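Atoms considered below: every heavy atom in the structure, side chains included; atoms not considered: hydrogens, waters and symmetry mates. Start at 1 and go down the list; that is how both ligands and their atoms are numbered. In this text the structure is predicted, and so the values were computed from the model without any measurement.
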Amino acid sequence: MADAWTPAEFEQQLRALGRYYHVHHPFQVMMYEGKLNAEQLRGWVANRFYYQVTIPRKDAALLFNCPDREVRRQWIQRILDHDGGPNAGHVSDGGIEAWIRLGEACGVPREELLDQRHVLPGVRFAVDAYINFVHTADWREGVCSSLTELFAPTAHKQRLQSWPDHYPWIDNAGLQYFRNRLTEAHRDVDHGLALTLQHFTTYEQQQRALKILKFKLDVLWSMLDAIYLAYVQHMPPYFNVEEPA
Ligand code: AHQ
């Protein structure tokens, strides 16, 4: 029976999976280097919207599975962060509203985000795999699967740094989503990482945690694969199928 890693060694192993983070995907690299055109950016915003509207439902599924009130009373904040608070008191209308504003700043009308007309099958399958995993997994495994946000601040900082120069046609106010996530992601990760280090303590559990995090990294990478094929290679699903006259 192999010895378990110490919490510090375990955290280091989790962070080492950052090499698979979607910030390294060719689509994200093109975005950062200013190589995306308006249609490709709009495709990304419209497809990522499906991920964003699924997140609060994923977090609600985790709450459903979680019997620990102390964990729930912190985790529930994530739903408010995305859906917005029930009253004007909450900081903002939430991340979903902010993402709609990002979409409008990029030229995607609100109704085209909300009716999900641009969501590619591959994006839908990847996102649905994530919410279905969290819905059926032990809540601790759901917590672990959120830890791709260990690497998220880099992605948000990259966009905030590169978009104004490369995509000056996008109103800066539209980038507020990325600014909000910088603070929210750090707070989420503090909580999610502490819970993961606390609950995955044997070597087998720690190996399982790495597999769960890799699964979620695959979710994010697969979303961009579908987006790249459709908007960069111009090969959306059935692109070569003749429509009946
Ligand atoms: O905007 C993002 C977000 O709200 C979340 C929630 C969190 C989760 O619960 O899995 N993950 C996540 C992520 C968001 N943005 C992604 C990006 O690249 O903009 C990063 C993504 C993540 O790393 O999981």
Side-chain angles (χ1 to χ4, degrees), residues 14-15 17-25 27-32 41 44-63 65-66 71 74-84 91-103 106 113 123 126-135 137 139-163 174-193 195-196 212-224 227:
L14 290 166
R15 289 187 184 277
L17 291 180
R19 64 183 180 276
Y20 298 112
Y21 193 53
H22 67 169
V23 73
H24 304 298
H25 190 287
F27 191 87
Q28 280 284 203
V29 172
M30 284 177 73
M31 179 189 292
Y32 179 60
L41 262 181
W44 176 78
V45 171
N47 274 274
R48 259 294 299 276
F49 184 71
Y50 184 65
Y51 179 82
Q52 300 306 142
V53 296
T54 301
I55 289 293
R57 294 176 52 225
K58 175 274 293 186
D59 290 323
L62 191 144
L63 291 177
N65 290 332
C66 180
V71 172
Q74 281 207 60
W75 201 270
I76 200 162
Q77 179 62 42
R78 294 164 182 246
I79 297 179
L80 296 179
D81 288 343
H82 288 88
D83 285 340
V91 166
S92 71
D93 292 338
I96 289 170
E97 194 58 39
W99 195 274
I100 291 171
R101 283 200 297 275
L102 170 65
C106 295
L113 289 176
V123 168
V127 174
D128 289 353
Y130 182 27
I131 188 172
N132 293 333
F133 170 76
V134 174
H135 185 212
W139 68 271
R140 285 156 290 208
E141 298 200 336
V143 167
C144 179
S145 69
S146 74
L147 289 183
T148 42
E149 276 208 297
L150 281 165
F151 321 114
T154 310
H156 298 309
K157 279 184 200 140
Q158 270 192 1
R159 292 155 195 160
L160 288 168
Q161 280 158 7
S162 63
W163 283 35
L175 308 188
Q176 190 55 40
Y177 181 83
F178 304 131
R179 291 186 197 93
N180 295 348
R181 282 314 299 172
L182 273 179
T183 45
E184 290 165 356
H186 279 296
R187 192 200 55 220
D188 286 354
V189 164
D190 287 348
H191 186 220
L193 181 59
L195 289 172
T196 300
I212 291 166
L213 184 50
K214 186 60 173 52
F215 156 76
K216 172 65 180 310
L217 288 161
D218 293 347
V219 165
L220 296 174
W221 194 275
S222 302
M223 288 169 65
L224 288 179
I227 292 167

_Sorted by chain and number, the residues that approach ligand 1 to under 4.0 Å with a heavy atom_ = Tyr21, His22, Arg48, Tyr51, Gln52, Ile55, Lys58, His82, Tyr130, Ser146, Thr148, Glu149, Ala152, His156, Arg159, Tyr177, Arg181, Lys216, Leu220

*Looking only at heavy atoms, what is the nearest atom pair of Cys144 and Leu213, with distance?*
O-CD1, 4.3 Å

*Answer whether the closest heavy-atom distance between the side chains of Met31 and Trp163 falls below 4.5 Å.*
yes

*Hey, can you tell me if Trp99 and Phe178 have their rings parallel, tilted or perpendicular (30° and 60° cut-offs)?*
perpendicular

*Report the residues that fulfil salt bridge (Lys or Arg N to Asp or Glu O under 4.0 Å) with Arg179, sequence neighbours left out, ordered by chain and then residue number.*
none

_Between Gln74 and Arg187, a side-chain donor and acceptor under 3.5 Å_ = no

*Nearest heavy-atom neighbours spanning Tyr21 and Leu220*: CE1-CD1, 3.8 Å

